[in-house]
Amino acid sequence: MALTESDVRHVARLARLGLAAGEAERLRGELASILGHVSAIAALDLEGVPATSHPLDLVNVLAADEVVPAAGVEAALANAPDPVANGFRVPPIGA
Amino acid sequence: MTTYEAVIGLEIHVQLRTRTKMFCRCPNRFGDAPNANVCSVCLAHPGMLPVANGEAVRQALRVGLALGCRIPERSKFDRKNYFYPDSPKAYQISQYDQPLCAEGAFQVPGEDGGFVVGITRAHLEEDAAKTIHVGGEAGRIAGSGSSIVDFNRAGTPLLEIVTEPDLRSGEHARRFLTLLRATIVATGASDCDMEKGTLRCDANVSIRPVGSTGFGTKCELKNMNSFRFLERGIAAEIARQTALLEVGGRVTQATLHYDPSSESLTVLRTKEEADDYRYFPEPDLLPVAPSPTLLEELRAGLPELPVARIARLRDTYGLPDATAATIALTPSLADYYEELAALTGDPRLAANWTMGELSAHLNAASLEAAASPVTPPRLAALIALTVAGTVGSNAAKTVFGELVADPAVDAATIVERLGLAQVDDADELGAIVDAVLAANAAEVAAFRAGKVQLIGFFTGQVMRQSGGRADPKVVQALLNDRLR
Ligand SMILES: [Zn+2]
């Protein structure tokens, strides 16, 4: 399935990326080459082979439901660019 | 004119009752200072790895088993990508094509024969952070000054339950959700409190001509926070869509909010294109594969579920479905009822008291039945006095109030102390009847002239003169005798 410029624009929009003039065409080429690499798998006969969701052959790696004390508000907000009243202030959310 | 039927499916989010969050070991707790319960994992600091909470998996499986779901041999987690400040990773860990619990069927009993709701799936995911909008216009996102994010809720475990579009009315939706809630509460997986937001419900509503098997354009009703609003919101949306189609219009796919105070629907946004979350498998988490032994253990550990208890109360005690359902939905009330039914030997009378005076008292005092000062033996003793004719129905209510007020005293003592014993002595009551008739000569004449409904007036007067203690049967007999 060929990748189109409108696919590129759609994915860019989902990722909230602005594209400059000409970028969509350039990225279409780059992305198509990456996807083309992965699509080599399509040449194989995979009838009846379940999809791999994880490379490790492990299941049920679960944690016990026991609280580990949290780092605290101060540590949590240490990297906040604009903390206010124990909260992270962020720009208004556009509609 | 075309007649339409509604096609409704629900999406329910249940906050699980674990000690820690879904993928980190921060406390899963509300009411703390903002950002007190956060760590590098739930703040999405680079390089941090999630580990799934084993207890959340067990609770979700208990719910799945209670809903009659098939539990697949293996399930996995996926990333649901979206950008919003309530999601620090810019994706939510959820389950896409391999949910923990697959298709099930849930029976909702009722006087009308009941109905079955298919469960499409139930899967685990993490909740988002809470954002508070400050500045700008109150309550409106557009034009607000800024948002403040509290990550305490971020990463807390949610079970999302999706139903098939099997519901046909707001009433069905309410009945289904009421029973679903009671079932989940019975498993112990959540307290399912809609006011606290530990149970949230969205509804997908469309309509189609009766007899058609296709689907109309559906609209999504968001976050209805009570059973009553769920029922009313769906009814309002069905009416809105029907009105549109009847004038030749068409339904546009949209997300709506129902405002119960004005009983109106507001369009939050219309959907020009389908949501696109670019789901892909979560590489940081391993699949979950519940063993048959674990499933057997969880199944064996389930309590008697509400749907089974409704059937048992109906069959064992001969209660009507609606009564059985009301009692069975609250386990402690059902336990109380069963003890009372056994003590009195009269299941119907026990049900009347349980649904009537007892429930009113429990609601007024916000008590669980087990915590009521009126224990089943104390109430049974009062019921025995009514059956024996010692107290009439009004006096019995007074006695009940006294049982609530003074946990140390028994019904017989109250009756004696307050002189509430029913008077059935024909001489004593006969004197009152004679006095009432003498004082109301005009009414007596009217009665004799054919105005027979005045018998109620005379009875009332006698009851009042006796301080409510007269045995109504004796009064009837005396009045009939005197007025003949
Ligand atoms: Zn955390």
Side-chain angles (χ1 to χ4, degrees), chain A residues 1 3-4 6-18 31 34-35 38-39 41 48-95, chain B residues 18-20 23-29 33-40 42-43 45 51-57 74 76-78 81-85 98 129 131-136 141-151 269 276-278 281-283 285-291:
Chain A
M1 194 183 69
L3 190 70
T4 67
S6 96
D7 291 333
V8 175
R9 289 187 199 287
H10 177 61
V11 174
R13 210 184 70 74
L14 290 176
R16 304 293 185 271
L17 291 174
L31 284 171
I34 295 167
L35 292 174
V38 177
S39 71
I41 293 171
V49 179
T52 302
S53 65
H54 202 282
L56 297 182
D57 192 20
L58 284 174
V59 294
N60 301 332
V61 178
L62 304 168
D65 187 28
E66 281 156 23
V67 172
V68 174
V73 184
E74 246 170 74
L77 290 169
N79 293 317
D82 187 12
V84 55
N86 286 0
F88 293 79
R89 179 156 44 197
V90 297
I93 300 144
Chain B
T18 54
R19 283 195 285 269
T20 68
F23 300 113
C24 63
R25 305 289 74 81
C26 290
N28 172 24
R29 197 169 60 208
N35 294 301
N37 302 328
V38 298
C39 70
S40 307
C42 53
L43 287 176
H45 287 185
V51 185
N53 185 335
E55 179 59 20
V57 171
R74 177 181 279 247
K76 68 174 172 69
F77 292 99
D78 299 273
N81 299 281
Y82 72 97
F83 291 89
Y84 205 75
Q98 294 181 37
T131 53
I132 305 140
H133 307 289
V134 292
I141 294 178
S144 65
S146 62
S147 301
I148 294 172
V149 190
D150 170 8
F151 290 97
R269 62 193 171 101
D276 188 348
Y277 294 114
R278 299 278 149 158
E282 166 59 271
L285 288 164
L286 290 149
V288 176
S291 71

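Atom set for the values below is all heavy atoms of this structure, side chains included, hydrogens, waters and symmetry mates excluded. Letters go in sequence order (proteins before strands), and every chain restarts at 1.
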Visitor: Nearest 0.5 Å, please: how far is CG in Asp150(B) from CG in Asn35(B)?
Guide: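 Nearest 0.5 Å value for the CG-CG distance: 5.0 Å.
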Visitor: Checking heavy atoms, do the side chain of Ile132(B), its backbone, both or neither come under 4.5 Å from chain A?
Guide: neither
Visitor: Counting only non-hydrogen atoms closer than 4.5 Å, does Asp276(B) touch chain A with its backbone (N, CA, C, O), its side chain (CB onward), both, or neither?
Guide: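 Answer is both: backbone and side chain atoms of Asp276(B) are under 4.5 Å from chain A.
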Visitor: If you apply the rule side-chain contact (heavy atoms from CB on, under 4.5 Å), what do you find for Ile148(B) with Val134(B), and how did you get there?
Guide: CA-CA 7 Å; Ile148(B) 294 172; Val134(B) 292; 4.1 Å; yes
Visitor: Give a yes or no on whether the backbone of Val73(A) and the side-chain of Asn86(A) come within a donor-acceptor separation of less than 3.5 Å.
Guide: no
Visitor: Taking all atoms of both residues into account, what is the closest heavy-atom pair of Val149(B) and Ala129(B), and its distance?
Guide: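 Val149(B) and Ala129(B) have their closest heavy atoms at CG1-CB, 3.7 Å.
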Visitor: Is chain A contacted by the side chain of Phe151(B), its backbone, both, or neither, given a heavy-atom distance below 4.5 Å?
Guide: side chain
Visitor: Using non-hydrogen atoms and a 4.5 Å limit, figure out which bit of Pro85(B) sits close to chain A: side chain, backbone, both or neither.
Guide: side chain
Visitor: Checking Arg278(B) against chain A: side chain, backbone, both or neither under 4.5 Å from a heavy atom?
Guide: side chain
Visitor: Verify, without hydrogens or angle tests, whether Asn60(A) (side chain) and Val288(B) (backbone) share a donor-acceptor contact under 3.5 angstrom.
Guide: no
Visitor: As an exercise, state the distance from NZ of Lys76(B) to CG of Leu286(B), rounded to the nearest 0.5 Å.
Guide: 12.5 Å
Visitor: Select all residues of residues 49-57 of chain A having any heavy atom within less than 4.5 Å of some heavy atom of chain B, and report them by number, or 'none'.
Guide: Ser53(A), His54(A), Leu56(A)
Visitor: For chain A, which of Ala56(B), Gly54(B), Cys42(B), Pro287(B) has the most heavy-atom pairs under 4.5 Å?
Guide: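 Option with the greatest count: Pro287(B).
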Visitor: Using the salt bridge (charged side-chain N to carboxylate O under 4.0 Å, His left out) criterion, which residues pair with Arg9(A)? Sequence neighbours excluded.
Guide: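 By the salt bridge (charged side-chain N to carboxylate O under 4.0 Å, His left out) rule, Arg9(A) matches Glu5(A).
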Visitor: Tell me, out of Pro281(B), Ala33(B), Pro34(B), who's got the most heavy-atom pairs with chain A below 4.5 Å.
Guide: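 The residue among Pro281(B), Ala33(B), Pro34(B) with the greatest pair count is Pro34(B).
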Visitor: Please flag which part of Val57(B) lies under 4.5 Å from any non-hydrogen atom of chain A: side chain, backbone, both or neither.
Guide: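 For Val57(B), side-chain heavy atoms alone lie under 4.5 Å from chain A.
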Visitor: Please classify the contact of Ala76(A) with chain B as side chain, backbone, both or neither, using a heavy-atom distance under 4.5 Å.
Guide: both
Visitor: Treating Arg19(B) as the side-chain partner and Asp65(A) as the backbone partner, does any N or O pair qualify as donor plus acceptor under 3.5 Å?
Guide: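 Looks like yes, one N/O pair under 3.5 Å.
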Visitor: Do any N or O atoms from the side chain of Arg25(B) and from the backbone of Val51(B) form a donor-acceptor pair under 3.5 angstrom?
Guide: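 Indeed, once roles are kept as given, a pair shorter than 3.5 Å links the two residues.
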Visitor: Where do Ala52(B) and Phe23(B) come nearest, in terms of heavy atoms and distance?
Guide: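 Between these two residues, the closest heavy atoms are CA-CD2, 3.8 Å.
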